[in-house]
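Read the structure below first, then the notes.
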Amino acid sequence: KEGEVVHRFDELKKWLPHIKALGCDAIYIGPLFESTTHGYDTKDYRMVDRRLGDNKDFKTFVAEAHQMGLRIVVDGVFNHTGREFFAFQDIQKNRESSRYCGWYKGVNFGWNSPYNDGFGYEAWRNCFELVNLNLQNREVKDYLFDVIRFWIHEFDIDGIRLDCADCLDFDFMKEMRWMTGNEKQDFWLMGEVIHGDYARWANADVLHSVTNYELHKGLYSGHNDHNYFEIAHTIRRQFDENGGIYRGRVLYSFVDNHDVDRIYSKLNDKRHLRPVYTLLYTLPGVPSLYYGSEWGIEGRKADGGDPALRPHLVLEEMEQHPNVPGLAEYLAFLGMCRKEYPVLAEGAYRELMLTNRQYAFARIKDQDAIIIAVNNDENPAEL
């Protein structure tokens with residue numbers, strides 16, 4: 001029913017031991033604050049979406065995750081709000097005399113919107129259900145910072161993933177970095193950035209990390225095209241110890257997520273799943289898994305848009321009938337390797353050997369070194 005709270009966090013709690021067993025130490029949850037439709041059209045920043053549960057449910061979930069050593073990072077949608085957000089509704093009601101006219105970009109009473117509001121406004125990528133906030137407005141910044149403090153104090157969250165960080169105002173992000181660091185010393189800020197110079201976002205003043213879409217593309221096409229040069233070139237450009245442009249910075253690595261096709265669907269030769277994940281866990285960056293892909297599930301945007309990438313999965317069924325048997329166990333092994341051998345996360349990267357079909361490199365720190373070798377050929381290779 002409309003407006004009724006559906007308590008789903010108990011189902012999520014069942015996943016905590018599985019996530020821990022995979023070797024993960026944090027969970028990033030998509031947008032969970034009250035929204036009108038898909039989660040990114042925020043209606044109320046201080047309320048958990050009633051389709052998931054209530055504030056008390058989420059607070060209990062975070063506490064249980066913390067007891068298991070799992071941190072919780074939530075999606076922060078700060079570039080825009082939905083049309084049902086109180087400030088936008090005030091403009092609809094009071095027009096020019098609304099005190100919130102300056103909260104949004106491009107509010108113009110000489111225009112009209114596709115919704116026939118009698119005024120125009122700037123929308124995110126011309127999706128007019130998403131109204132762009134004016135993040136240079138002091139009141140807007142203070143409001144959002146109060147919201148973040150509320151999430152930290154009320155729920156004890158450990159970080160925020162900033163939706164479309166490449167659209168956000170840099171001064172806003174810098175202030176957020178300073179404020180969240182004061183509230184919680186090891187608070188983590190990660191941004192969704194697709195194109196551009198990642199160093200503009202991932203640095204000591206702005207965010208701790210950003211999504212490494214450049215590597216994501218190489219990880220699957222380097223195997224599909226039998227071209228390890230693509231992956232090696234990306235890593236050399238980004239992290240080579242002699243001149244890599246992101247050396248010393250932390251990027252968030254992934255092979256699939258809620259916006260792109262599942263890795264199992266992207267690979268021409270499904271046997272390449274293991275070398276792809278081996279590279280994800282051993283190349284420089286923070287590796288992440290997208291729920292369900294540990295069992296090799298399929299998912300293509302062309303087969304139904306975003307919902308095709310974000311299905312409801314029943315944990316017990318997936319564990320009993322994985323699409324790719326043994327993959328979850330292999331990922332748990334890779335996770336254990338990163339924990340037992342810190343050089344895999346912290347060591348300098350050095351390329352050792354490269355052909356189209358074979359690739360070897362080392363991670364080196366002090367007296368420790370680990371050599372990683374992968375092969376995308378149909379036949380075994382000796383190095």
Practice task
Measure the spacing between CG of D225 and OH of Y220 and express it to the nearest 0.5 Å.
Solution key: 9.5 Å
Problem - For the student: nearest non-hydrogen atoms of K20 and M68, plus distance - result: NZ-O, 2.9 Å
Fill in the blank from the handout: When every non-hydrogen atom of N257 is compared with those of D259, the smallest separation belongs to OD1-N, 2.8 Å
Practice task
Rounded to the nearest 0.5 Å, what's the gap from CE on M353 to CD on Q358? Could you check?
Solution key: 5.5 Å
Problem - Rounded distance [0.5 Å steps], CZ in R95 versus CG in D90 - result: 13.0 Å
Handout entry: same_hphob_cluster(L130, L32) at 4.5 Å side-chain heavy-atom cutoff
Key = no
Handout entry: Given L251, L189, D166, the one that forms side-chain contact (heavy atoms from CB on, under 4.5 Å) with V210
Key = L251
Practice task
In plain terms, say whether R71 and D158 are close enough for a salt bridge, that is, a side-chain N and a carboxylate O under 4.0 Å apart.
Solution key: no
Practice task
Check the pair T180 / E183 against side chain to side chain donor-acceptor pair (under 3.5 Å), numbers first and verdict last.
Solution key: CA-CA 5 Å; T180 52; E183 292 292 334; over 6 Å; no
Exercise for the section: Return each pair, listed once, that meets ring pair (Phe, Tyr, Trp, His ring centres under 6.0 Å) where at least one residue sits in residues 343-363; pairs must be two or more places apart or across chains. Expected result: Y228-Y359, Y349-F361, Y359-F361
Handout entry: side chain to side chain donor-acceptor pair (under 3.5 Å) assessment of D41 paired with T37
Key = CA-CA 7 Å; D41 48 350; T37 54; 2.6 Å; yes
Exercise for the section: May I have all residue pairs that pass salt bridge (charged side-chain N to carboxylate O under 4.0 Å, His left out) and include part of residues 76-89, sequence neighbours excluded? Expected result: K43-E84, R83-D117
Exercise for the section: Would you tell me whether E122 and H80 have side-chain atoms, one donor and one acceptor, within less than 3.5 Å of each other? Expected result: no
Practice task
With sequence neighbours left out, write down each residue that passes ring-ring contact (aromatic ring centres under 6.0 Å, His included) with F9, or none if nothing qualifies.
Solution key: F58, F61
Practice task
With sequence neighbours excluded, tell me which residues meet ring-ring contact (aromatic ring centres under 6.0 Å, His included) with H18.
Solution key: W15, W295
Exercise for the section: Answer yes if V255 and L309 sit in the same cluster of Ile, Leu, Val, Met, Phe, Trp and Tyr residues linked by side chain heavy atoms under 4.5 Å apart, and no otherwise. Expected result: no
Handout entry: Y143: which of F78, F150, F172, F86 passes ring pair (Phe, Tyr, Trp, His ring centres under 6.0 Å)
Key = F86
Practice task
Give a yes or no on whether I371 atom CD1 has more than 12 heavy-atom contacts from other residues, nucleotides or ligands under 6.0 Å away.
Solution key: no
Problem - Inter-residue atom distance Y252.OH - L207.CG, 0.5 Å rounding - result: 14.0 Å
Practice task
May I ask you to check if R262 and Y291 form a cation-pi contact, with NZ or CZ under 6.0 angstrom from the six-membered ring centre and within 45° of the axis?
Solution key: yes
Exercise for the section: Answer yes if the ring centres of Y45 and F33 are under 6.0 angstrom apart, and no otherwise. Expected result: no
Problem - M176 side chain near I148 side chain, heavy-atom distance below 4.5 Å - result: yes
Handout entry: Heavy-atom pair with the smallest gap, counting every atom of L280 and L219
Key = CD1-CD1, 4.4 Å
Handout entry: Sequence-distant partners of E96, salt bridge (Lys or Arg N to Asp or Glu O under 4.0 Å), two or more places apart
Key = none
Problem - Contacts of Y121 that satisfy ring-ring contact (aromatic ring centres under 6.0 Å, His included) - sequence neighbours left out - result: F88, F128
Problem - Minimum heavy-atom distance D169-Q136, with the two atoms named - result: OD1-NE2, 3.1 Å
Practice task
Examine R274 relative to Y330 and say whether NZ or CZ is less than 6.0 Å from the centre of the six-membered ring and inside a 45° cone about the ring axis.
Solution key: yes
Practice task
Go through E230 and K217 one step at a time and tell me if the salt bridge (Lys or Arg N to Asp or Glu O under 4.0 Å) criterion holds.
Solution key: CA-CA 9 Å; E230 181 181 1; K217 194 268 175 187; 3.0 Å; yes
Handout entry: Value rounded to 0.5 Å, distance of CZ in R338 from CG in D25
Key = 9.0 Å
Exercise for the section: Please say whether more than 12 non-hydrogen atoms of neighbouring residues, nucleotides or ligands are located less than 6.0 Å from NZ in K56. Expected result: no
Exercise for the section: Measure the CG-CD distance between N79 and E192 for me, rounded to the nearest 0.5 Å. Expected result: 10.5 Å
Practice task
Determine, using ring centers only, whether F170 and W201 are less than 6.0 Å apart.
Solution key: yes
Problem - Atom of E139, atom of W103 and distance for their closest heavy-atom approach - result: OE1-NE1, 3.0 Å
